[in-house]
Structures are given as structure tokens and as C-alpha cells.
Amino acid sequence: MKTKGLVQVYTGNGKGKTTAALGVALRILGHGGRVGVVQFFKYPVRSKALDKEGAFRALKKFSGRFRVWSFGGGFTWRVAREENAKAVQKAWKKCCELLRDSKYDLVILDEIHIALRYQFLKVSDVVKALKRKRFSQHVILTGRGAPQAVIRLADLVTEMKCVKHPFHRGILAQQGIEF
Ligand code: ATP
Ligand code: MG
């Protein structure tokens, strides 16, 4: 049977969006496939902070079949708008490359909904690129507040709903759980 590439959306205010996407990456890698991840609003490539992320450390062991590109220096409200805008443009360029690259069985656009929400990116451009992607390529978009146009186009949409989070009891990010 021919693979039907799916557009999947993991959104909502609960924890688990990025880790769910990386769970799918693990499945694809386990079957010998190739995965590309573009991270919006995260540390630049080769930064030490990126190396701290345990999931990436582990997945890098798949000898080049798992690649990550990160753009931006943190959260939108801490960084000047122009700086964020530049980082988002670079990240989006990389997304477009990956969506045209037949090598990648799965492309993860991590936190792209945040770029859309703050209007660093046009929803119509993202929808257009997703419509043009190769038939068999899977794509996962993550981040809170997925726009309606992306939800309409997607084949699968899951909303993570926060019922409880340890942060609300003062337990901060922990190695192995958050990174
Ligand atoms: P993860 O990367 O653990 O799968 P996520 O992708 O769903 O989480 P993001 O929105 O990317 O979550 O937020 C990243 C960080 O914020 C995570 O470290 C997570 O634990 C924390 N976080 C997520 N949801 C909440 C929440 N409802 N309250 C407090 N912190 C949260
Ligand atoms: Mg996330």
C-alpha cells in the first residue's frame, strides 16, 4: 500500500506536544526512515543548550537520519521583534526546503503555531506549502493555538489539555522530563 503522508497537528495548553512528535520520529527511524525537525524560537544550531535536550542527544545516534535545525534565541517577549522575525524567516526557509526534499519521510515544524500567532509568518503561506508537499511525506506541526486554517487542512488534530502540571506547584523543568 502506498504511504499517505499525513498532516498532523499537536496543539493545546497541556504538556506533550513536542514529545509526541518525537515519539512518531522514533517510529519512523525504527523503520529506517529519515526525519527533519525545524524548531522555531529555540537555540541556534550547535549551541550548548540544544545539546542538553536528551531526546535530540538520543535521536542523533541514528547516524544522520535524524536532523534538527533550531532558530531563535528563546521566547518572543524576551527578544526584540525584528530579531524574532529574522529567525522565523530563516526557520521557514528551512521548512520549505525540507517540505520539498524527498529524503525526509517526516518533517516536524516545532512551535510553528507560535510564529503564526504572533504574525511572524502568514498562515496562507504555510497552508500553501503543506498543500504542495510530496504525497507520502508526513508533517507534524506543534505549538499552542493552531490556527483554524491549519486545523481544517490537517488529517489529524490532537489537543493536549492541561489538567495538572507540576510547574503550578513550583516544580521547575527537570532533566529527562522537560529536556
Ligand atoms: P513537551 O516538550 O514536554 O512535549 P510541549 O511541547 O507540549 O511539551 P510547550 O508548549 O512546547 O510544551 O512548552 C514547553 C515547556 O513548557 C515544557 O517544558 C513543558 O513542561 C512546559 N509546559 C507545557 N505545558 C505547560 C502548562 N500547562 N503549564 C506549565 N508549563 C507547561
Ligand atoms: Mg513544544
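Count residues from 1 along the sequence. Order of appearance sets the numbers: ligands from 1, and atoms from 1 within every ligand. Just the heavy atoms: all of them, side chains too, but no hydrogens, waters or symmetry mates, feed the values below.
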*Using the test side-chain hydrogen bond (donor to acceptor under 3.5 Å, both in side chains), find all partners of Tyr104 that sit at least two apart in sequence or belong to another chain.*
none
*Closest contact, heavy atoms only, Ala25 versus Phe66*: CB-CE1, 4.3 Å
*Whether Thr18 has an N, O or S atom under 2.8 Å from the Mg ion (ligand 2)*: yes
Would you give me the side-chain donor-acceptor pairs under 3.5 Å for residues 149-175, sequence neighbours excluded?
from: Asp155; atom 1: OD2; to: Val7; atom 2: N; distance (Å): 2.8
from: His165; atom 1: ND1; to: Phe167; atom 2: N; distance (Å): 3.0

_Tell me whether the NZ or CZ atom of Lys4 lies within the 45° cone about the ring axis of Phe135 and under 6.0 Å from its centre._
yes
_Within the supplied structure, the quantity of interest is the number of heavy atoms (other residues, nucleotides, ligands) at a distance under 6.0 Å from Lys90 NZ; does it exceed 12?_
no
*With sequence neighbours excluded, residues passing side chain to side chain contact (heavy atoms under 4.5 Å, CB included) with Lys122*: Ser124, Asp125
*Listing by chain and number, which residues have a heavy atom under 4.0 Å from ligand 1?*
Asn13, Gly14, Lys15, Gly16, Lys17, Thr18, Thr19, Glu111, Arg144, Cys162, His165, Phe167, His168, Glu178
